[in-house]
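Only one structure is covered here, and it is reproduced in the block below.
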Protein chains: 2
Amino acid sequence: MSTARHRILDALEQVLIADGPALATIEHVAATAGVSKGGLLYHFGSKEALYEGLLARLTDAAEQVRVGTDARAAVGEYLRQSTVADDAYSITMLAALRLVGAPEVDVPAALANASDQWFAPVGALIADPVTARLVQLVGDGLYLNALVAGSASEHDPAVVDRLLGSLEQEPAGDRREP
Amino acid sequence: MSTARHRILDALEQVLIADGPALATIEHVAATAGVSKGGLLYHFGSKEALYEGLLARLTDAAEQVRVGTDARAAVGEYLRQSTVADDAYSITMLAALRLVGAPEVDVPAALANASDQWFAPVGALIADPVTARLVQLVGDGLYLNALVAGSASEHDPAVVDRLLGSLEQEPAGDRREP
DNA sequence: GTCTATAATCGGATAGAC
DNA sequence: GTCTATCCGATTATAGAC
């Protein structure tokens with residue numbers, strides 16, 4: 001667990017988001033991380049290995065997601081997260097999104113895995129499947145906005161409230177005992 | 001309006017979606033279009049010009065969008081379109097999305113322009129601004145799914161119906177005269 | 001573990017023939 | 001309007017010193 005690997009992956013994320021995938025070259029990432037080309041290649045033997053390192057970081061982060069038992073809290077947190085805050089997970093996710101289409105790695109698979117991992121426990125708390133899908137799609141929409149803008153999207157409490165309101169309609173199993 | 005320009009832009013879209021931005025090189029696009037490198041460079045003097053040609057095509061297509069006066073029909077069509085069918089506009093949009101982060105052109109600006117152009121008339125038909133924002137975000141979410149998958153996302157009628165149902169709540173101004 | 005060469009390849013762009 | 005030939009710069013990856 002050398003910190004150099006971390007610093008290099010941090011640099012890769014930064015370059016992907018700020019400069020774009022075309023400039024996510026070994027040389028540029030190495031310079032951003034403060035190491036030489038050869039130094040980077042000691043830790044990641046190839047560009048493919050470097051990119052896989054980022055996807056592995058995404059997978060690891062997604063596996064550590066913990067969700068409570070309250071549907072309202074979970075949905076609120078899910079959508080807040082989807083506006084792409086400055087936390088490590090959001091940055092990794094945004095960087096991975098910028099890697100979509102890269103021939104070296106299977107980004108769609110990693111992204112689908114992470115996305116499901118993160119949404120599945122939230123969706124399980126929502127009784128109505130249509131509402132669940134709606135919440136997921138709104139989260140995806142927020143991510144698209146962040147991806148295109150290269151930074152956090154607007155946090156819109158009214159939209160969150162509306163979706164939270166939908167939860168009240170069919171609270172199958174989450175109601176207080178009468 | 002030589003057809004060569006069209007064929008080259010078609011090839012660029014195909015390469016971006018099927019092979020990714022990294023392989024959207026002048027040489028590869030030229031080969032896909034069935035012309036030589038020099039042949040392509042006659043029509044588009046540089047890679048930047050080539051990319052701008054795609055964004056111009058997107059802008060042109062967005063400007064020709066016509067929306068009726070019925071909110072339900074407009075929202076339904078907007079969301080159906082967002083599942084990225086096989087029509088020319090969807091393909092251009094998807095290709096442009098794959099260009100996000102390219103240093104040669106300002107994709108976010110072109111995308112924001114096209115997106116607004118397409119959504120603005122739909123949003124104008126929706127009385128409640130929160131519902132309007134919800135529809136737009138769901139559309140964006142569908143586009144993100146298509147972008148990552150590289151193909152059309154699932155058309156989910158239940159989600160569309162739910163959003164159409166929201167329109168009934170506050171039909172301020174669209175009601176029949178009493 | 002990290003660095004400085006260096007080799008080999010590829011991409012963008014120009015010049016000029018047809 | 002389209003092609004081939006060519007130059008130049010950038011990028012990946014290797015070899016080997018420190």
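A quick note: this is a predicted structure, and the numbers were derived from the prediction, not measured. Here is the naming used below: chain letters follow the sequence lines, and residue numbers restart at 1 for every chain.
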Please answer: with hydrophobic residues joined when any side-chain heavy atoms are less than 4.5 Å apart, are A/Ile91 and A/Leu142 in the same cluster?
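Looking at the clustering, A/Leu142 is in the same group as A/Ile91.
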For B/Glu154 and B/Asn145, test the side chains for any donor-to-acceptor distance below 3.5 angstrom and give the result as yes or no.
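There is no such pair (donor and acceptor under 3.5 Å, judged by atom type) between the side chains of B/Glu154 and B/Asn145.
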Without decimals, in angstroms, what is the distance between A/Leu40 CG and C/dT4 C1'?
15 Å
At under 4.0 Å, does any side-chain N or O of A/Tyr42 touch on OP1 or OP2 of C/dG1?
yes
Is there a side-chain contact between A/His28 and the phosphate of D/dA10, meaning an N or O under 4.0 Å from OP1 or OP2?
no
In B/S/- notation, 5' to 3', how is nucleotides 11-18 of chain D contacted by protein heavy atoms closer than 4.0 Å?
SBBB----
If you compare all heavy atoms of B/Ala96 against all heavy atoms of B/Leu111, which two are closest, and at what distance to 0.1 Å?
CB-CD1, 4.0 Å
Does any residue of residues 98-108 of chain B have a heavy atom under 4.0 Å from DNA chain C, and if so, which ones, in number order?
none
According to side chain to side chain donor-acceptor pair (under 3.5 Å), who are the partners of A/Thr131, at least two apart in sequence or on a separate chain?
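In terms of side chain to side chain donor-acceptor pair (under 3.5 Å), with neighbours along the sequence ignored, A/Thr131 is linked to A/Asp128, B/Arg162.
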Should A/Arg66 and A/Glu77 count as an ion pair when the cut-off is N to O under 4.0 Å?
no
Listed by chain and number, what are the side chain to side chain contact (heavy atoms under 4.5 Å, CB included) partners of A/Ala62, not counting sequence neighbours?
A/Tyr89, A/Ala114, A/Gln117
Contacts of A/Ala109 that satisfy side chain to side chain contact (heavy atoms under 4.5 Å, CB included) - sequence neighbours left out
A/Asp106
Which donor-acceptor pairs under 3.5 Å do side chains of residues 11-18 of chain A form with protein atoms, sequence neighbours excluded?
residue: A/Glu13; atom: OE1; partner: A/Arg57; partner atom: NH1; Å: 3.4
residue: A/Glu13; atom: OE2; partner: A/Arg57; partner atom: NH1; Å: 3.0
residue: A/Glu13; atom: OE2; partner: A/Thr92; partner atom: OG1; Å: 2.7

